[in-house]
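Below: the structure, in structure tokens.
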Amino acid sequence: MDLPRLMGAMGPPRPTTLPASAPARAHGSTMADQYQYNTNEEKIVKDSHTKEIDLINRDPKFINEDVIKVEFEDVIAEPDGTHSLDGVWKLSYTTFTVSKYWCYRILSAIFGIPVALLWGFLFACISFCHIWAVVPCIKSCLIESQCISRIYSLCIQTFCDPFFEALGKIFSSVKVALRKEIR
């Protein structure tokens, strides 16, 4: 049977469904967010890698709010008394705006995907190191420090506490009197 014809007859791929009674392994709220309920009380599993992105608002978390938004008026300004021809000013504005727009578009078309690949690789490496090296190392240090702190506490209680209690009893009968002499 012809595979493309078979795929066309089946329609678009549908999300994987699980019965409502199937146990879901929830790991925090992120796993629970990947499930939706439809009218038949079945869970629909959403793939987190294919989420829909907003093509209108491309900075929803405002991470580039502090980046300088350079406009023509921010770069080129003519003070009073020194003005170019109106046509030159309009053409300069149009040239600046259009060249900035298309230069960004061309650069992002050429370098956007490779740079995104590099950043994805970098953050994957950071996540891998954090998950498989940093956290286990910190946990190991915490376990070792708990063991050492118990031994240290036992030594203090065994040797130092009786010594300082004895010193306290010795010096508890000492009375200090302050006198002020005037000469």
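Quick caveat: nothing in here was measured; it's all calculated off a predicted structure. Residues take their numbers from the sequence shown, with the count starting at 1.
Nearest heavy-atom pair across Ile63 and Asp59 is N-OD1, 2.9 Å.
By the 4.5 Å heavy-atom criterion applied to side chains, Leu122 and Ile126 are counted as neighbours. For the pair Leu117/Ile113, no side-chain contact is recorded, criterion being any heavy-atom separation below 4.5 Å from C-beta on. Annotation: side chain of Trp119 is in contact with side chain of Phe123 (closest heavy-atom distance under 4.5 Å). Counting only heavy atoms from C-beta outward, the side chains of Glu78 and Trp89 approach each other to under 4.5 Å. For the pair Ile151/Cys147, a side-chain contact is recorded, criterion being any heavy-atom separation below 4.5 Å from C-beta on. Counting heavy atoms from C-beta outward, Tyr104 and Lys100 have side chains that stay 4.5 Å or more apart.
At distances below 3.5 Å, not a single donor-acceptor pair connects side-chain atoms of Thr158 with backbone N or O atoms of Cys155. Between the side chain of Ser153 and the backbone N or O of Ser149, no donor-acceptor pair lies under 3.5 Å. Between the side chain of Thr97 and the main chain of Thr94, no donor-acceptor pair closer than 3.5 Å is present.
Atom NZ of Lys69 has more than 12 heavy atoms from other residues, nucleotides or ligands within 6.0 Å. Annotation for Asn57: atom CG counts as buried by contact number, over 12 foreign heavy atoms lying within 6.0 Å.
Annotation for Ile156: hydrophobic cluster partners, listed by chain and number, are Tyr152 (ILVMFWY side-chain heavy atoms under 4.5 Å, direct or chained). In this structure, Ile138 shares a hydrophobic cluster with Val134, Leu142, the cluster being traced through Ile, Leu, Val, Met, Phe, Trp and Tyr side chains under 4.5 angstrom apart.
Annotation: the span from Glu165 atom CD to Cys160 atom SG amounts to 11.5 Å, rounded to 0.5 Å. Note that the OG atom of Ser84 and the CD1 atom of Ile76 stand 9.5 Å from one another [nearest 0.5 Å].
When the side chains of ILVMFWY residues are joined at heavy-atom separations under 4.5 Å, either directly or via intervening members, Val174 and Phe164 end up in a single hydrophobic cluster. Criterion: ILVMFWY side-chain heavy atoms under 4.5 Å apart, direct or through other members. Under it, Leu107 and Tyr101 are not part of a common hydrophobic cluster. Under a hydrophobic-cluster definition in which Ile, Leu, Val, Met, Phe, Trp and Tyr are linked whenever side-chain heavy atoms come within less than 4.5 Å, directly or via other members, Val70 and Phe72 are assigned to the same cluster. Residues Leu91 and Tyr93 fall into different hydrophobic clusters, defined by Ile, Leu, Val, Met, Phe, Trp and Tyr side chains chained together at heavy-atom separations under 4.5 Å.
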